[in-house]
Number of protein chains: 4
Amino acid sequence: MPTLPTLCDIASSARAKRERRKDARPGELLAAALELFVEKGFAATRAEEVAKLAGVSKGTLFLYFSSKEELFKAVVRENISGRFSEWSAELETFEGNSADLLRYCMTAWWERVGSTKASGISKLMMSEAGNFPELAAFYQEEVVKPGNDLIRRVLQRGVDSGEFRQLNVEYGVYLLLAPMMFLALWRHSLGPCVAGNGELDPIAYLNTHIDNLLLGLTVRTPAAPNAS
Amino acid sequence: MPTLPTLCDIASSARAKRERRKDARPGELLAAALELFVEKGFAATRAEEVAKLAGVSKGTLFLYFSSKEELFKAVVRENISGRFSEWSAELETFEGNSADLLRYCMTAWWERVGSTKASGISKLMMSEAGNFPELAAFYQEEVVKPGNDLIRRVLQRGVDSGEFRQLNVEYGVYLLLAPMMFLALWRHSLGPCVAGNGELDPIAYLNTHIDNLLLGLTVRTPAAPNAS
Amino acid sequence: MPTLPTLCDIASSARAKRERRKDARPGELLAAALELFVEKGFAATRAEEVAKLAGVSKGTLFLYFSSKEELFKAVVRENISGRFSEWSAELETFEGNSADLLRYCMTAWWERVGSTKASGISKLMMSEAGNFPELAAFYQEEVVKPGNDLIRRVLQRGVDSGEFRQLNVEYGVYLLLAPMMFLALWRHSLGPCVAGNGELDPIAYLNTHIDNLLLGLTVRTPAAPNAS
Amino acid sequence: MPTLPTLCDIASSARAKRERRKDARPGELLAAALELFVEKGFAATRAEEVAKLAGVSKGTLFLYFSSKEELFKAVVRENISGRFSEWSAELETFEGNSADLLRYCMTAWWERVGSTKASGISKLMMSEAGNFPELAAFYQEEVVKPGNDLIRRVLQRGVDSGEFRQLNVEYGVYLLLAPMMFLALWRHSLGPCVAGNGELDPIAYLNTHIDNLLLGLTVRTPAAPNAS
DNA sequence: CATGAATGAGCTTTCATTCAT
DNA sequence: GATGAATGAAAGCTCATTCAT
């Protein structure tokens with residue numbers, strides 16, 4: 001015998017739907033916040049905008065995050081998922097010479113990070129590190145160190161195989177890192193200001209760096225005078 | 001024989017002391033502004049703080065700089081763009097090969113800008129460019145363009161003289177710029193978070209970059225295979 | 001039989017009360033603003049005072065009016081320009097001779113504007129026009145022009161029907177306007193200083209003007225020499 | 001025997017010159033203040049501007065007038081010199097009919113007051129009466145009353161001679177006053193905002209008023225049906 | 001006396017945060 | 001839980017007024 005839903009049924013179904021939405025809320029808010037923080041910076045992003053983009057009211061945001069600062073921390077933490085293990089595996093299984101590996105690494109970084117919203121996180125950290133020291137330490141530990149390790153292993157691979165000259169890999173890391181970071185930051189700060197004329201083509205920029213990097217790193221055999 | 005100061009002396013000394021203070025004010029304000037802008041960012045620095053640090057009242061600041069933005073521009077001019085002509089002259093009169101010039105440039109940058117508070121300005125612009133388009137445009141015009149020009153001339157000198165290989169100097173500029181900018185940004189953002197352990201030695205960092213840069217740029221004569 | 005309010009009733013009543021306050025706010029703020037603008041002038045009235053008089057906080061004012069100038073414009077619309085269409089309709093449907101219409105217009109102006117706080121707005125604009133060109137332009141467009149048009153139509157009606165003599169209505173407008181404006185200005189400036197002795201009776205003042213105005217305007221038939 | 005001027009001589013001569021200038025100072029400041037107050041209003045006129053226009057420093061202004069308000073009072077008092085006795089005499093000796101006298105009065109007012117800076121004083125008083133009640137009372141006594149008396153006598157002259165119809169001269173005064181005051185105020189407030197199109201020609205404006213005024217006032221003999 | 005550098009109260013506007021509904 | 005009206009602490013800038021010189 002079919003029964004009409006009771007008030008209680010309706011309430012519980014509404015509650016169920018609401019709880020389902022409730023679970024999704026933080027994620028929607030974090031996504032909205034990431035979008036806006038990256039686009040406009042922390043200070044210039046208004047809490048209300050984040051709420052609106054997430055489709056909730058201003059008050060709701062503060063239900064889930066006790067302050068704008070806490071929201072920021074959550075955004076950064078959320079988006080620093082370690083894709084490092086995956087990359088580490090790729091590095092391990094890469095077949096080919098180290099020059100190609102290095103080139104592959106920087107190109108892959110551009111495709112997967114540099115050109116995406118993820119690079120905005122780097123910019124955010126650079127900008128706000130001073131205001132969020134704990135967060136900076138966290139980022140340092142979770143991103144900078146593993147990232148540097150990865151790069152270091154690429155260099156060490158080349159040195160060990162005799163493809164690259166001897167060098168202090170601790171500092172050599174920055175030969176790769178600096179160009180990538182500069183590009184990421186540039187694209188999220190002054191870059192957009194020169195849109196139109198004199199704009200930077202990321203691919204050409206990276207290739208210029210990679211080419212010169214390898215010219216400097218690669219050991220050239222005396223027998224074959226620089227044919228490059 | 002000691003003489004008593006004349007009436008005229010007294011008057012002029014009085015005026016002199018007053019004028020000395022007046023003349024000193026802008027410099028004191030600029031120093032205070034640089035300090036705070038670099039430490040806290042442009043938006044987060046309150047005009048009153050700058051005034052207080054310079055030992056004057058809020059109103060006095062606006063006696064010398066018509067707005068906070070003008071104050072910022074003055075800071076930039078004082079610390080960076082005002083010095084390009086001097087650097088340009090140095091470049092013009094440099095005697096020696098282009099590799100040495102390049103090395104000299106990057107070292108000099110470190111000593112005069114990178115290691116000083118002035119390097120914070122670069123970080124500042126990266127952080128705030130999006131929110132202050134007018135400042136970004138100003139910086140672009142007064143710092144980025146002339147700075148790039150300077151670097152381009154160094155590269156072109158080497159290419160023209162046959163010391164450096166042929167390369168697109170437009171992008172080659174970033175071979176020098178990226179390492180310097182990354183260092184400046186790092187030292188004013190995440191750098192301070194790792195103070196003590198694993199800290200970056202700027203000199204070693206720069207030398208690593210310079211060495212590899214020159215290895216990549218320099219044309220090696222086939223007759224004397226990589227003598228480096 | 002009385003019924004308990006349902007859940008829905010309670011909810012809607014709660015919302016209703018909130019919304020009623022929200023709906024009432026603009027009106028309360030406009031009333032407060034009119035009061036203070038008229039009493040102290042536009043520039044000398046602080047936004048916070050308006051808010052306080054309306055029983056809300058400073059911030060709330062800007063929730064409803066995006067700036068002090070917009071608040072002023074809203075006050076003008078509410079009290080003057082928003083009522084022109086009604087007046088225009090009255091003019092259109094008035095039955096009676098043009099002398100009576102003219103008399104009716106000036107009397108109605110006194111009752112609806114001149115004797116109310118709204119007349120302070122005219123004084124306000126006269127005082128502040130020079131310092132707030134945008135407001136002056138707004139007032140010109142929203143009040144002066146439509147107001148003059150209205151008066152012009154009254155005159156034209158009389159001329160067209162042969163009741164009034166031929167005259168340049170463009171300037172004739174001021175035959176009505178000047179007396180009304182002078183009264184408004186007087187009552188909000190020097191008038192209050194002579195309160196008690198020698199004070200101006202507005203009705204007598206206006207009637208004196210109207211009577212003489214009509215004596216001057218009305219065409220007297222030669223057959224019945226001044227029957228007035 | 002000629003003597004070199006002693007220090008004391010020099011000082012006293014300097015003192016003499018300075019005292020001469022000192023005597024002139026208040027007048028120069030008052031003139032400058034009148035100019036600016038009339039042009040921009042009381043609040044919008046900065047003390048420093050007044051000082052500069054008078055050719056002295058900001059501090060000096062406050063040496064002669066203890067505050068901006070005192071300066072304003074002095075300006076108004078200074079510029080309300082009674083030219084009334086002169087006008088009264090003119091009125092007394094005027095030969096011609098009263099219509100011509102009335103016409104002459106209003107025209108003369110325009111030439112001597114309305115079109116000159118002096119009319120700015122009226123506008124100032126209207127604008128600032130609320131903020132300077134004592135001043136308003138003073139103005140009332142020194143300007144408004146004598147002025148009204150003068151006008152009243154013109155009307156009374158016409159009524160006594162039978163040229164003008166019977167009317168309550170107490171209120172009749174405003175038949176002349178309102179048009180003149182409106183013109184003065186208009187020209188110093190909203191008038192300048194419509195410069196170019198629809199601007200008011202003062203002469204045409206006044207003539208329109210005078211013509212209608214006289215048509216209304218003048219007794220027309222039944223024998224000569226309105227030939228006007 | 002005269003100066004003008006210095007002051008700081010005061011103004012409009014913004015926005016993170018709260019809380020009655 | 002969710003809402004959004006309300007709050008009030010800031011912040012940049014102005015300018016009458018003071019006072020050391």
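Atoms considered below: every heavy atom in the structure, side chains included; atoms not considered: hydrogens, waters and symmetry mates. So you know, we letter chains A, B, ... as the sequences are listed, proteins then strands, and number each from 1.
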Pairing residues for [X] by the salt bridge (charged side-chain N to carboxylate O under 4.0 Å, His left out) criterion, not counting sequence neighbours:
X       : answer
A:Lys73 : A:Glu70, A:Glu134
D:Glu39 : none
B:Glu78 : none
C:Glu28 : C:Arg25

Next item on the list: Check DNA chain F against residues 48-67 of chain C and give the residues with a non-hydrogen atom under 4.0 Å, in numerical order.
Entry: C:Val56, C:Ser57, C:Lys58, C:Gly59, C:Thr60, C:Leu63, C:Tyr64
Check: Do B:Phe132 and B:Phe72 make the cut of ring centroids closer than 6.0 angstrom?
Finding: no
Margin query: Suppose we screen for ring pair (Phe, Tyr, Trp, His ring centres under 6.0 Å). Which residues come up paired with C:Phe138, at least two apart in sequence or across chains?
Written below: none
Item checked: Residues in ring pair (Phe, Tyr, Trp, His ring centres under 6.0 Å) contact with C:Tyr139, at least two apart in sequence or another chain -> none
Notebook entry, point to check: What pairs of residues pass the ring-ring contact (aromatic ring centres under 6.0 Å, His included) test when at least one of them lies in residues 46-71 of chain C, not counting sequence neighbours?
Noted result: none
Next item on the list: Among the candidates E:dT13, F:dA6, E:dT17, find the nucleotide nearest to the side-chain atoms of C:Lys68.
Entry: E:dT13
Item checked: Near-strand residues of residues 30-42 of chain A, defined as heavy-atom separation under 4.0 angstrom from DNA chain E -> none
Next item on the list: Would you please name every residue forming a side-chain hydrogen bond (donor to acceptor under 3.5 Å, both in side chains) with B:Glu142, sequence neighbours left out?
Entry: none
Margin query: Assuming nearest nucleotide by heavy-atom distance, tell me which of D:Thr45 and B:Ala44 is located more 5' along DNA chain F.
Written below: B:Ala44
Notebook entry, point to check: With sequence neighbours left out, which residue pairs that include part of residues 53-62 of chain B fulfil the side chain to side chain donor-acceptor pair (under 3.5 Å) condition?
Noted result: B:Ser57-B:Thr60
Notebook entry, point to check: Given pairs defined as Watson-Crick or G-U wobble with both distances under 3.5 Å, what dot-bracket annotation applies to DNA chain F, with ( ) intrastrand, [ ] crossing, | other strand and . unpaired?
Noted result: .||||||||||||||||||||
